[in-house]
Amino acid sequence: MRAKHILKQTSLWTAGTRENLNRHKRGSNMKDVTGHFVFLLTFLVGRAGGIETNSGYCIGTQCFTVYQDPSDFTTAQNQCRDQSGHLMTVRSSVSHDILNILLGNFTGRFWIGLHLTAGCPDPAAELRGFQWVTSESESDFFNWAPSFNSNCSSRHCVSVSREDDFKWIQESCDEHAAGFLCEYSFSDPCKGLAAEEGESITYMTPMGFVGEDVLSLPPGSTALRLPAKTKYVCFSEQWVQAPWSCEIHEGGCEYKCVVDLEHVYSCYCPPGQTINPANKVTCEVTADDPCLPLRCAHACYQKEDSYACMCDHGFKLAQDGSSCVDFNDCRDERQCPGENFVCVNNVGGYQCVCKDGYKMSGGLCVDVDECVTAPCEHLCHNTPGNYTCSCYDKYSSDPESPDKCKRHCGEEECVAECDPNDRFQCFCPEGYIAEERKDQTVCIDMDECSFFSCDQDCINTFGSYECTCYAGYTLVEPFMCIKNEGNTDTDEGSGADTTPNMPITSRMPDPNPTRQPSPVTVGGLVGIIVCTAFFIVLVVFLAHHTLTGRGKMESSGALKAPEDGRVTSDA
C-alpha cells in the first residue's frame with residue numbers, strides 16, 4: 001500500500017490544444033474565476049524551474065520532497081529556498097514517518113534542516129544547541145545518534161540515511177551529501193477527486209511529482225481522469241475543469257489554448273482534427289473540417305451557424321480575418337503583480353523578470369547588495385535596487401568617474417599630501433599649486449580667471465572656476481557665450497550675468513595662485529647666499545692679485561712717474 005503514497009516524478013503534461021468550438025456552449029463559471037488565476041500563476045512561477053525532484057509526499061498543508069543531488073548544506077538550503085521552501089524539519093513522529101517513506105528506496109546521506117548556527121553544542125538543551133532552519137529550537141521529536149559529539153570543534157550540520165535507521169548524525173556543512181529533503185507549506189488545499197468505478201485519477205503537484213492515492217494537494221496541482229481524459233486544476237480548495245487560463249499549463253489543452261473576444265478560454269486542434277466535445281481538451285480526427293477553407297493562422301471556432309478564425313493567447317486577429325499578430329501583453333497592469341517585478345513582452349507572450357538591482361529568490365525579487373563586489377574606491381552604501389559611492393574626508397567624487405575619489409581642499413589653501421618617506425615629494429589637488437614653507441608644503445588655490453579661460457565673465461572657485469555670460473547671452477559650451485536670438489541689446493556690459501550651465505575644471509600650464517606665494521623659498525635663499533659669498537671671494541682675490549703685481553713692478557723700477565704725470569717704461 002505504501003507504493004500508492006510515494007509520488008514518483010514524471011515530466012509535465014504537454015500543455016496546449018486546438019479547438020473548433022462553439023463559445024456559447026462554454027461554462028460561464030470560468031469567466032468568474034479568471035481574475036483569480038493571477039494569484040495561482042504567481043504561485044506556480046515561484047516554483048518553476050530548478051532541479052528535478054525524485055519523489056514527494058503531501059499531507060494537510062505541507063508537501064515534502066527528496067532530491068538526489070550531491071550538495072553541501074548551504075547549496076541544498078538555497079535550492080529549497082529558490083522553490084519557496086526550506087530544508088525539511090523533523091519535529092514530530094509524523095514527519096519522521098514521512099522521512100521513512102521518502103528515503104525508503106534511497107541509499108546515502110541526505111541533509112535535513114537542522115544545524116548549529118554558532119558557538120558550541122549544549123548537551124543540556126532540547127536540541128543540544130542546534131536549531132532548525134526555520135530559526136526554531138523547539139521539537140516534539142528527537143533522534144540523535146549515540147555518537148553525538150559535544151566538542152566545540154564538532155560538525156555543525158545534520159544528515160540522515162536509511163543505513164543508520166534515520167538517526168540524526170553530525171556532518172561537516174561543507175561535505176557533499178547524496179541529496180537533501182525540502183519542505184513546503186501552503187493554504188487552500190484540495191482533497192482528492194472521487195473516482196467512479198472503472199476510472200483512475202492521476203495527480204501532479206507544482207513541485208513536479210505525481211501520484212494516484214492522495215488526500216491533500218496544494219494549489220496549482222492538476223488531475224487527469226481516465227479514460228475520459230478530463231483535466232482539472234486545484235484552485236482555492238476546489239477543482240476547476242479544463243480549459244482554464246491559458247497561462248497555466250496551456251489551459252490543460254492537448255494541443256493549444258486560446259481566448260476569444262469575450263475572454264473565454266478554449267482549446268483548439270491542428271487542421272484536420274476537432275476538439276472532443278466531452279472533455280473539451282483532446283483532439284479527434286475529422287473527415288470534414290469546416291475550418292480548412294478559412295486557412296486560419298492559429299485557431300478556428302464555430303460562430304453561430306458559421307466558423308471564424310481566432311488567435312493563440314498573446315496574439316490578436318489581423319484585419320484579413322485569418323492572420324495573427326503579436327500584441328503587447330505588458331499593457332495589462334495585472335501582469336507581473338509581485339513587488340519589484342517587471343513585465344517584458346515577447347512574441348506570443350511575456351516574461352516576468354526582476355528590476356535592475358534585484359534578483360529572483362524563492363519566487364520573489366530581492367535586493368542585490370552591490371557593495372559585496374566593492375564597486376567603489378572608498379565607501380559604498382547599498383540602497384534598494386542600487387548603491388551609492390562616497391569618499392573619505394578631504395576627498396570628493398570624481399565627476400568623470402563617480403566610483404573614484406580625488407583629493408579635495410575646498411579652501412584657499414590646505415596642507416599638501418606628501419610621501420611619508422620623502423617630504424619633498426608632495427601632491428596637490430587639481431586647481432592648486434604647491435608652496436614650500438619652513439616646516440611644511442601647502443597647496444594654494446590658483447586663479448584660473450587670470451588666464452582668460454572664459455569667453456566673457458569668469459568666477460574663480462576653490463580648485464576650479466566658472467564661466468558666466470553677460471545679459472542677453474547664453475553659455476553654450478563650458479566657456480563660450482552666444483547672443484540670444486532676437487536680442488537687440490548691444491550693451492554687453494549691462495544687465496545681470498547669466499548663471500552658468502555647469503562649472504568646469506581646466507588644467508592650465510604654470511598658473512599663478514590666487515594669493516602670490518613667498519618670492520624666495522628656503523632653497524632659493526641658500527642659493528643666493530652661496531652665490532654672494534662666492535662673488536665676494538672672487539672680487540677680493542682679483543683685487544689682491546692686481547695690487548700684488550703693481551707692487552712688484554714699482555719695487556723693480558719697471559715703472560716711474562714722469563713729470564707730466566704719465567707712467568712710462570724704461571724701454
Side-chain angles (χ1 to χ4, degrees), residues 375-379 381 386-418 424-524:
C376 304
E377 184 177 22
H378 283 185
L379 301 174
H381 307 276
N386 207 338
Y387 69 96
T388 57
C389 296
S390 60
C391 300
Y392 299 136
D393 189 29
K394 301 298 183 182
Y395 287 83
S396 63
S397 297
D398 188 343
E400 297 181 359
S401 183
D403 59 329
K404 303 295 183 183
C405 295
K406 63 179 184 178
R407 281 275 295 169
H408 175 69
C409 181
E411 301 177 22
E412 184 176 345
E413 68 175 54
C414 55
V415 178
E417 183 178 13
C418 299
F424 294 105
Q425 291 292 327
C426 299
F427 307 92
C428 289
E430 285 187 15
Y432 288 79
I433 61 172
E435 176 185 312
E436 293 182 7
R437 293 184 180 172
K438 182 177 181 181
D439 55 347
Q440 65 180 358
T441 301
V442 298
C443 299
I444 302 176
D445 175 50
M446 65 178 67
D447 184 6
E448 292 89 350
C449 292
S450 63
F451 292 89
F452 307 102
S453 303
C454 300
D455 191 16
Q456 293 185 1
D457 279 349
C458 178
I459 301 174
N460 185 59
T461 61
F462 295 135
S464 184
Y465 66 98
E466 296 177 4
C467 293
T468 62
C469 299
Y470 303 144
Y473 289 81
T474 301
L475 191 69
V476 294
E477 292 185 13
F479 57 87
M480 183 178 295
C481 298
I482 62 170
K483 195 171 185 179
N484 297 334
E485 294 184 4
N487 180 36
T488 58
D489 186 4
T490 58
D491 185 5
E492 296 182 349
S494 63
D497 290 347
T498 303
T499 302
N501 292 335
M502 57 178 288
I504 62 170
T505 301
S506 177
R507 298 187 179 126
M508 305 297 293
D510 300 326
N512 294 324
T514 301
R515 182 173 58 80
Q516 185 68 25
S518 302
V520 181
T521 64
V522 175

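A salt bridge links Arg437 with Glu413: the closest approach of a Lys/Arg side-chain nitrogen to an acidic carboxylate oxygen falls below 4.0 angstrom.
Considering only residues two or more places apart in sequence or on other chains, His381 meets the ring pair (Phe, Tyr, Trp, His ring centres under 6.0 Å) condition with none of them. Residues satisfying the ring pair (Phe, Tyr, Trp, His ring centres under 6.0 Å) criterion with Tyr387, sequence neighbours excluded, are absent altogether. With sequence neighbours excluded, no residue satisfies salt bridge (charged side-chain N to carboxylate O under 4.0 Å, His left out) with Glu411.
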Assess the residue pair Leu475 and Cys467 against the criterion (side chain to side chain contact (heavy atoms under 4.5 Å, CB included)); give the C-alpha distance rounded to whole Å, side-chain angles, the decisive distance to 0.1 Å, and a yes or no. CA-CA 8 Å; Leu475 191 69; Cys467 293; 4.2 Å; yes
After noting the C-alpha distance and the side-chain angles of Cys418 and Cys426, does the key distance pass the disulfide bond (SG atoms under 2.5 Å apart) rule? CA-CA 4 Å; Cys418 299; Cys426 299; 2.0 Å; yes
Criterion side chain to side chain contact (heavy atoms under 4.5 Å, CB included) on Glu377 and Asp403, from CA distance to verdict: CA-CA 6 Å; Glu377 184 177 22; Asp403 59 329; over 6 Å; no
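Relative orientation of the His378 and Tyr395 rings is perpendicular, given thresholds of 30° and 60° on the angle between their planes.
Residues Tyr432 and Met446 have side chains not in contact (no heavy-atom distance under 4.5 Å, counting atoms from C-beta outward). Residues Tyr473 and Ile482 form no side-chain contact, since every pair of their non-hydrogen atoms from C-beta on lies 4.5 Å or further apart. Side-chain contact between Cys481 and Asp455: present, with at least one pair of heavy atoms (C-beta onward) separated by less than 4.5 Å. Contact check for Ser390 versus Cys376: no side-chain heavy atoms found under the 4.5 Å cut-off.
Distance CD/Gln456 to SG/Cys469: 5.0 Å, rounded to 0.5 Å. Separation of atoms CZ (Phe479) and OH (Tyr465) is listed at 8.0 Å; rounding is to 0.5 Å. Separation of atoms SG (Cys428) and CZ (Arg407) is listed at 8.0 Å; rounding is to 0.5 Å. Taking CG of Asn460 as the reference point, atom CD of Glu412 lies at 9.5 Å (rounded to 0.5 Å). Ile459 CD1 to Glu448 CD: the interatomic distance, rounded to the nearest 0.5 Å, is 13.0 Å. The CD1 atom of Ile444 sits 6.0 Å away from the CD1 atom of Ile433 when rounded to the nearest 0.5 Å.
Here the closest heavy-atom approach between residue Thr461 and residue Asp445 is recorded as O-OD1, 3.5 Å. The shortest heavy-atom contact between His408 and Ser396 is CB-OG, 3.5 Å. A pairwise comparison of heavy atoms in Thr468 and Cys458 identifies OG1-N, 4.4 Å as the closest pair. For the pair Cys389 and Ser397, the tightest heavy-atom approach, listed with the atom from each and the gap, is O-OG, 4.5 Å.
Cys449 has its SG atom 2.5 Å or further from the SG atom of Cys454.
Evaluated for a side chain to side chain contact (heavy atoms under 4.5 Å, CB included) with Lys406, the options Cys391, Pro399, Ser401 yield exactly one hit, Pro399.
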